[in-house]
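Below is one structure; the comments refer to it alone.
These numbers were taken from a predicted model, which means no experiment stands behind them.
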Amino acid sequence: MELEKQIQADMMSAMKAHETVRLAALRGIKAAILLAKTSEGGSGEVTDADIVKIIRKLVKQRKESAEIYSGQNRQELADNELAEAAAMEVYLPKQLGEDEVKEILKGIIAEVGASKPSDMGKVMGVATKKLAGQADGKMISTIVKSLLS
């Protein structure tokens, strides 16, 4: 719940400072949290871990939209999406670098006993649990493929 309070406080300061992009990003987060709280089957409460998942999903959506806009030569829209994504990333835990992820994955591969590309599923199962929130799934799978081949 602390993260939700922090987002609410930052929303107020963004309003006072007339930071439109940051405010739009925070409103998007707030709306997604409210939706999660009121969704069918929801408990009415969200934890900080749930909020991090929500923010990660929103950041991913913004980056995908920016790619689409760039492909359609709409750079002003792409820049806005990337600016909102950057404003949201402030609330995410620090991401590991590629070298750090590679070292952790080498340990997981040794632990699981994987040696060939067909063992990728075993490695990915352990890796996604161990690196949850610390690394992008796409980067993990790319590194695992390169290590196993």
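Lys116 places none of its side-chain heavy atoms less than 4.5 Å from the side chain of Leu148. Between Met120 and Ser149 there is no side-chain heavy-atom pair separated by less than 4.5 Å. Annotation: side chain of Val123 is not in contact with side chain of Leu147 (no heavy-atom distance under 4.5 Å). A 4.5 Å side-chain heavy-atom check between Ile51 and Ile7 finds at least one atom pair inside the cut-off.
Both Met11 and Val90 are members of a single hydrophobic cluster when ILVMFWY side chains are connected at heavy-atom separations under 4.5 Å.
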- Message: Assess the residue pair Ser13 and Glu19 against the criterion (side-chain contact (heavy atoms from CB on, under 4.5 Å)); give the C-alpha distance rounded to whole Å, side-chain angles, the decisive distance to 0.1 Å, and a yes or no.
- Response: CA-CA 9 Å; Ser13 67; Glu19 298 172 332; 5.5 Å; no
- Query: Does the pair Glu100 and Lys102 meet the rule for a salt bridge (charged side-chain N to carboxylate O under 4.0 Å, His left out), with working shown?
  - Reply: CA-CA 5 Å; Glu100 296 168 305; Lys102 191 175 269 190; over 6 Å; no
- Please walk me through it: do Leu26 and Lys30 pass side-chain contact (heavy atoms from CB on, under 4.5 Å)? CA-CA 6 Å; Leu26 292 170; Lys30 187 74 175 158; over 6 Å; no
- Message: Test side-chain contact (heavy atoms from CB on, under 4.5 Å) on Arg27 and Leu23; report intermediate values, then the result.
- Response: CA-CA 6 Å; Arg27 282 183 172 157; Leu23 182 59; 3.7 Å; yes
- Message: What verdict does the side chain to side chain donor-acceptor pair (under 3.5 Å) test give for Asn80 and Glu76, after you've listed the backbone C-alpha separation in whole Å, the side-chain angles of each residue and the deciding distance to 0.1 Å?
- Response: CA-CA 6 Å; Asn80 187 50; Glu76 71 284 354; over 6 Å; no
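The two residues Val59 and Ala85 come nearest to each other via the heavy atoms CG2-O, 3.9 Å. In terms of heavy atoms, Tyr91 sits closest to Val52 at O-CG2, 4.4 Å. Between Glu2 and Asp48, the shortest heavy-atom contact is N-OD1, 3.5 Å. Annotation for Ala24 and Glu84: closest pair CB-OE2, 3.6 Å, computed over non-hydrogen atoms. Between Ala66 and Ala78 the shortest heavy-atom distance is O-CB, 3.5 Å. A pairwise comparison of heavy atoms in Glu4 and Val46 identifies OE1-CG2, 4.2 Å as the closest pair.
For the pairing with Lys57, the side chain to side chain contact (heavy atoms under 4.5 Å, CB included) check across Gln61, Lys60, Lys53 returns one residue only, Gln61.
The structure places CZ of Arg22 at 11.5 Å from OG1 of Thr20, a figure rounded to the nearest 0.5 Å. Remark: Ser65 OG to Leu82 CG distance equals 9.5 Å, nearest 0.5 Å. We find the NZ-CD1 distance between Lys122 and Ile109 to be 11.5 Å, quoted to the nearest 0.5 Å. To the nearest 0.5 Å, the span separating NZ on Lys106 from CD1 on Ile108 amounts to 13.0 Å. With values rounded to the nearest 0.5 angstrom, Leu96 atom CG is found 12.0 Å from Glu103 atom CD. Taking CD1 from Ile29 and CD1 from Ile55, the interatomic distance works out to 4.0 Å, rounded to the nearest 0.5 Å.
Proximity of a side-chain donor or acceptor of Asp50 to a complementary backbone N or O of Thr47 within less than 3.5 Å is detected.
Within a 6.0 Å sphere centred on NZ of Lys145, other residues, nucleotides and ligands contribute 12 heavy atoms or fewer. Within 6.0 Å of the CD atom in Glu98, the count of heavy atoms belonging to other residues, nucleotides or ligands does not exceed 12. Annotation for Met15: atom CE counts as buried by contact number, over 12 foreign heavy atoms lying within 6.0 Å.
Under 4.0 Å is where a charged nitrogen must lie from a carboxylate oxygen, and between Glu89 and Lys63 at least one such pair does.
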